[in-house]
Amino acid sequence: MAGLELLSDQGYRVDGRKPSELRKVQARMGVFAQADGSAYIEQGNTKALAVVYGPHEVRGSRSRTLHDRAVINCQYSMATFSTAERKRRPHGDRKSSEMSLHLKQTFEAAVLTQLYPRSQIDIYVKILQSDGGNYSACVNAATLAVIDAGIPMRDYVCACSAGFVEDTPLADLCHAEESGGGTSLALALLPRGGQIALLQMDARLHQDHLDTLIEAAMTACKGLSDVLDSVVRQHLQEVSVLTRDLGVCFSASPCISVRKPPALYLL
Amino acid sequence: MLKSKTFVKKTRSGGVMKIVREHYLRDDIWCGSEFCVECKQESPVLQKDACIESNLCSSTHYLIPDTNLVLHQLDILEDPLIRNVIILQTVLQEVRHRSAPVYKRMKDIIHDAEKHFYVFTNEHHRETFIEREQAESANDRNDRAIRVAAKWYSEHLKRAPQAEELQIVLLTNDRGNKEKADESGLVVYKCEEYIKSLTANPELVDRLALTSDDQNEITSSKILFPEHLPLSRIQAGIKSSTLLQGIFRASRDNYLEATVFVHGEGDESTEVLIQGLQNLNRAVYQDVVAVELLPRNQWVAPSSVVLQDEGPKDEDKEEESENMLKCEVSEAMLKPTGKVVGIIKRNWRPFCGMLFKSQIKEATRHLFTPADRRIPRIRIETRQAAALEGQRIMVAIDGWPKHSRYPNGHFVRNLGSAGDKETETEVLLLEHDVPHQAFSQAVLSFLPKMPWAITEEDMKKREDLRHLCVCSVDPPGCTDIDDTLHCQDLDNGNLEVGVHIADVSHFIRPGNALDQEAASRGTTVYLCERRIDMVPELLSSNLCSLRSNVERFAFSCIWEINHNAEILSTRFTKSVINSKASLTYAEAQMRIDDAHMNDDITKSLRGLNKLAKILKKRRIEGGALTLSSPEVRFHIDSETHDPIDLQTKELKETNSMVEEFMLLANISVAQKIYDEFSECALLRKHPAPPPSNYDILNKAAKSKDIVIHTDSAKALADSLDEAKVDGFTYFNTLLRILATRCMMQAVYFCSGMDSDFHHYGLASPIYTHFTSPIRRYSDIIVHRLLAVAIGADTTYPDLMDKHKQSTLCNNLNYRHKMAQYAQRASVAFHTQLFFKSRGNLNEDGFILFVRKNAIIVLIPKFGLEGTVFFESKDKANPRLTFDEEGPTLTVENHAFHMFDKVKVTISLDASKIQHQKIRMALIEPVIPGVSVAPPEDGPEAKKAKLDR
Ligand SMILES: [Zn+2]
């Protein structure tokens with residue numbers, strides 16, 4: 001008998017989670033000093049790094065400039081060592097271009113781009129280790145990096161995958177579950193308003209199942225947003241302790257946009 | 001919410017890939033015992049009064065079996081006596097990995113609420129998970145995991161109130177594991193020890209499988225067989241072509257002879273002959289074995305001797321019979337000969353048969369003789385030998401050590417006394433691998449809850465066709481009605497014809513236990529007085545069955561047809577219908593013929609009948625074959641259930657009317673699903689037979705100066721129509737019977753895996769099965785595909801996977817074949833019963849085939865076929881000359897040709913209890929010394945019976 005049993009009769013998944021449980025999430029903000037914003041996230045064994053530059057003047061051709069808002073430029077890549085098989089990944093292959101485009105669409109929906117007309121925001125994400133849910137990890141990392149860069153957003157964008165096994169929706173799929181057959185979808189959500197920034201699905205799924213699946217993915221996204229929120233608050237606290245020591249005061253906005261404290265540059 | 005847990009990375013290196021997986025450990029996995037107050041479980045499975053009377057543990061105890069125990073002693077675990085067992089996840093996963101059938105049976109037990117089996121997810125429990133240590137094998141690690149879990153249980157439950165008496169008993173047959181468990185203070189027994197301690201239920205001991213430990217004690221140290229090669233050496237040998245891999249097929253007539261069927265490249269398959277006990281080397285029928293070819297000078301020819309293993313005897317005698325095999329033969333007769341050097345895969349299943357009691361009165365070891373002659377005798381240990389005498393029993397093989405003449409096995413269950421109708425039916429079902437046990441709780445749990453009614457919600461999704469005048473036409477006594485028809489005039493002068501099929505796929509959802517069971521059964525099996533359902537009765541005879549005057553779900557195929565029977569449009573829809581009448585073929589025929597009847601149903605039937613005739617004519621013009629095979633029907637006594645009369649089935653016009661529309665629906669659906677899913681449509685094809693298949697038909701026709709053209713189905717159909725001999729009306733039917741035998745088997749296949757779709761017999765470019773979802777699983781899949789195609793239902797990954805579909809097709813083809821064999825065996829058994837009650841009968845018949853030493857005779861009256869042998873052991877054999885060309889067989893001075901008319905006497909040969917058979921002897925033509933005098937019919941036979 002081949003194949004893994006994705007969901008046991010007792011209701012446990014391959015790695016021991018219940019269907020609606022997420023993988024362990026760990027995140028850090030401000031990992032690089034030179035960039036305007038950066039973040040690192042681990043969702044189970046999937047590890048992603050995001051770096052944000054901007055907003056700055058549009059580089060290159062002027063024709064890309066938009067007069068009413070900022071241009072968002074995304075670039076997605078995977079490290080050669082990110083999977084079990086070492087593979088050379090040329091830049092701009094079809095898969096990563098597609099992923100870059102998806103990220104761009106997601107963040108255009110979330111970032112308040114109209115605040116920065118005629119400028120550009122660059123978001124670079126790299127998958128360091130891949131174990132399913134690459135898109136979600138990228139979105140979540142990028143959200144943290146954008147916040148780190150102090151760029152205002154409507155809300156956190158949280159992304160999560162969900163799949164279907166024997167009529168039960170599973171949240172946050174790992175690689176084994178993603179490749180075990182069955183349809184999976186990736187969803188990016190602005191949790192407070194419940195708006196969907198992006199919804200992506202590659203295989204066929206019947207309409208009847210779509211609602212339950214989206215429901216599962218949305219619940220998972222909301223769970224993730226709580227985690228991201230606590231990461232941001234934790235980071236804020238650390239930073240404000242540092243700034244207080246230096247005698248510089250700044251007030252954390254009640255919203256989620258965090259101005260980068262100039263003190264960090266000094267460290 | 002995210003529960004972050006201590007997590008351990010589990011690294012599995014298999015092949016070249018390194019797989020890293022997360023492994024979460026939890027603290028919310030409960031123990032499942034009624035005693036426990038710590039765990040927050042809702043409905044504990046393990047009972048408080050879990051007591052099996054045992055000498056070893058007098059108090060309440062829970063059992064924990066290890067993996068090997070589950071794999072080898074499942075017969076014990078399945079016994080209703082064994083309850084309150086903890087199945088560890090480690091064990092269950094390993095079982096799943098090692099044997100799919102055992103895993104399925106295990107799951108059935110777990111689902112059975114009566115058994116109180118609890119699955120403990122120990123691999124994800126914080127306190128019972130262990131990591132593999134340096135230099136520890138995977139097996140050792142799992143054994144340790146089992147011990148750790150057992151230890152955890154005993155400590156965990158010690159804390160529970162009132163549980164002082166409770167014991168956790170680990171069952172293992174592994175000596176090392178047992179010692180280690182003893183050291184860590186666990187209560188541990190060997191399976192045998194424990195079962196023998198169950199004083200109240202001694203019969204359980206017989207069901208124990210013999211383990212390798214015991215075998216050392218049983219048999220003498222004399223080594224009878226050469227050692228098998230280890231798997232690694234076999235693989236190397238096959239790679240370097242010094243060894244051949246093939247399927248072992250024992251000979252039915254000679255226990256010292258077998259062939260190994262070696263699959264070669266493409267069509268190049270070879271057969272290797274194996275002779276002699278040493279060379280057969282413990283291989284059993286259907287095993288996958290490795291053989292080594294002998295040098296050419298040791299090659300032999302297949303012997304024509306019939307040899308049956310008569311039970312234990314001296315070594316010298318064995319040699320003697322082996323010598324009998326060797327006889328002088330010409331060089332051309334020699335076949336590649338080899339010897340078995342290793343077993344790649346055993347294909348043992350439980351075998352039916354009878355006990356051959358040991359002559360020693362107090363002996364507990366006996367030999368078992370399987371019903372299938374290709375299976376060797378099996379040595380079993382039982383204390384109930386006296387009770388089992390004359391009974392049909394089931395025995396499983398446990399192993400075949402090299403110093404034992406026979407394989408060792410254990411008693412599984414008693415099927416009943418031999419010759420008994422129920423018992424024999426059970427045996428034939430088991431021997432043909434027809435799954436027929438009652439549906440498990442898990443399967444039944446997916447049935448709709450009664451009372452069931454159609455809801456508003458259902459109506460919204462379906463077309464309401466309750467107003468249509470729909471009726472069904474079936475054989476008498478049919479309770480699983482899966483097709484209904486209607487026909488009505490349209491305003492534009494055309495006709496609307498609908499075929500409405502039971503919507504089984506509405507009730508059987510993909511992937512659940514009910515679906516898996518139906519997929520595994522594949523088909524309903526119809527025996528002479530019993531039906532083995534593919535789906536539970538609630539569905540087959542009630543909710544799915546399109547009975548009259550109840551509302552039922554249907555899948556409808558509706559055509560607009562003009563009066564020339566040309567299809568103008570086709571549509572498919574899920575619907576609700578209300579059948580107005582359930583008719584038999586005869587009733588429907590009567591209505592059509594009776595000019596006084598003019599109600600809606602009759603008018604609808606007449607319309608259908610008219611169209612069907614045109615459709616049939618067109619189909620036959622297109623080259624479809626009408627073949628014939630005599631089908632018999634038993635009239636069964638309603639009280640004794642014995643067959644009281646036997647007659648061939650009669651076909652009415654209405655039979656072909658229903659058939660015509662079913663064909664039309666099947667073809668329409670096949671086209672639709674293929675258009676929609678070109679890669680994964682489940683279709684049915686009937687390959688054209690290779691020309692050589694027709695040799696016998698051509699020869700037979702030539703003997704009557706008739707030429708049969710076989711270049712195409714059309715040519716064959718035409719020449720069959722023209723083939724007539726004056727004064728011999730049955731000739732045409734005989735030819736058609738022969739033509740049927742030339743045909744290939746029709747098979748299911750997945751459209752993405754094949755390029756040839758043609759259905760030869762129906763002369764249709766594409767075909768599938770849509771019209772009988774209650775009794776065929778293929779139709780359920782076709783329903784699902786069609787439902788997805790019209791947007792009425794959801795799809796699921798397996799439906800779109802051509803490889804999985806292909807595997808499914810293989811199973812369906814296998815089940816259909818086995819069902820046919822079982823049906824034939826059932827007819828044969830009932831024929832025997834019939835002749836047993838009738839005594840000798842003298843009947844006219846025709847010669848169907850001529851063989852080297854026999855003729856095969858067909859009795860049209862009963863559709864019965866039998867062999868008249870001209871050679872026998874106790875008489876001087878007549879002079880026989882066989883001419884291949886005719887073919888003719890000359891006995892003394894009389895030449896027998898195919899289709900000759902003969903008269904035979906039929907009787908039942910009951911000399912062997914296990915293999916009773918119908919015997920035929922020649923009466924006419926009279927050949928002195930060969931034919932027999934006609935015994936008088938009836939009365940004398942009865943008298944003879946009394947005398948006996
Ligand atoms: Zn407990």
Side-chain angles (χ1 to χ4, degrees), chain A residues 1-5 7-18 20-26 42-46 83-86 129-132 163-168 171-172 174-177 180-184 203-210 219-220 222-224 226-227 230, chain B residues 1-10 13 16-26 28-29 32 89 92-93 95-104 107 110-111 118-121 123-126 129 442 509-513 787-788 791-801 804:
Chain A
M1 198 150 157
L4 276 169
E5 191 177 37
L7 187 67
S8 74
D9 287 350
Q10 288 69 45
Y12 296 107
R13 292 157 66 173
V14 216
D15 51 10
R17 287 182 288 155
K18 290 257 173 75
S20 62
E21 285 173 353
L22 301 174
R23 290 179 287 179
K24 188 182 173 78
V25 179
Q26 280 177 314
E42 286 183 11
Q43 283 185 263
N45 278 333
T46 301
T83 53
E85 256 175 299
R86 230 181 82 91
Q129 184 172 302
S130 157
D131 186 27
F164 226 59
V165 170
E166 289 159 26
D167 289 346
T168 319
D172 195 13
C174 67
H175 178 69
E177 289 168 333
T183 315
S184 66
R204 277 198 198 214
L205 179 83
H206 195 269
Q207 209 180 328
D208 294 2
H209 294 156
L210 189 63
T219 323
K222 283 179 188 150
L224 256 168
D226 292 341
V227 181
S230 67
Chain B
M1 264 306 291
L2 176 98
K3 281 195 190 119
S4 67
K5 291 192 179 82
T6 4
F7 75 79
V8 187
K9 243 169 267 164
K10 202 177 175 186
S13 332
V16 279
M17 282 276 274
K18 178 174 170 188
I19 299 162
V20 180
R21 270 205 207 118
E22 277 189 295
H23 195 94
Y24 289 92
L25 301 182
R26 324 182 56 105
D28 60 349
I29 295 172
Q89 185 197 10
L92 202 60
Q93 271 177 354
V95 167
R96 180 173 183 270
H97 192 68
R98 299 257 290 268
S99 161
V102 174
Y103 180 68
K104 189 189 166 283
K107 270 185 117 172
I110 293 165
H111 277 287
Y118 180 70
V119 179
F120 181 62
T121 313
E123 295 286 351
H124 291 290
H125 192 283
R126 208 174 58 191
F129 173 76
R509 303 311 299 166
N512 67 26
V788 175
D793 205 345
T794 59
T795 176
Y796 56 101
D798 285 5
L799 192 66
M800 299 294 146
D801 184 333
K804 291 213 170 124

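The sequence lines fix the lettering, A, B, ..., with proteins before strands; numbering per chain opens at 1.
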- [ ] Among the options B:Met800, B:Lys107, B:Arg98, B:Arg509, pick out the one with the most heavy-atom pairs lying under 4.5 Å from chain A.
- [x]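 Max contact count across the listed options: B:Lys107.
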Is [X] close to chain B through its backbone or its side chain, or both, or neither, when contacts mean heavy atoms under 4.5 Å?
X        : answer
A:His175 : neither
A:Asp9   : side chain
A:Lys18  : both

TODO: For the pair B:His23 and B:His124, name the ring-plane relationship: parallel under 30°, tilted 30 to 60°, perpendicular over 60°.
DONE: parallel
Task: Under 3.5 Å donor-acceptor, A:Thr46 side chain and A:Gly132 backbone - done: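 Checked: pair present.
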TODO: Using atom types as modelled and distance alone, determine if a side-chain donor or acceptor of A:Gln26 lies under 3.5 Å from a backbone N or O of A:Glu42.
DONE: no
Task: Full working for side chain to side chain contact (heavy atoms under 4.5 Å, CB included) between A:Asp172 and A:Arg17 - done: CA-CA 10 Å; A:Asp172 195 13; A:Arg17 287 182 288 155; 3.7 Å; yes
Open item on the list: Is there a side-chain contact between B:Tyr24 and A:Arg13 in this structure, where contact means two heavy atoms from C-beta onward sitting under 4.5 Å apart?
Closed with: no
TODO: Please flag which part of B:Asp793 lies under 4.5 Å from any non-hydrogen atom of chain A: side chain, backbone, both or neither.
DONE: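 Looking at B:Asp793, just its backbone touches chain A.
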Open item on the list: Which atoms of B:His111 are under 4.5 Å from chain A, going by heavy atoms: the side chain, the backbone, both sets, or neither?
Closed with: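 B:His111 touches chain A through side-chain heavy atoms alone.
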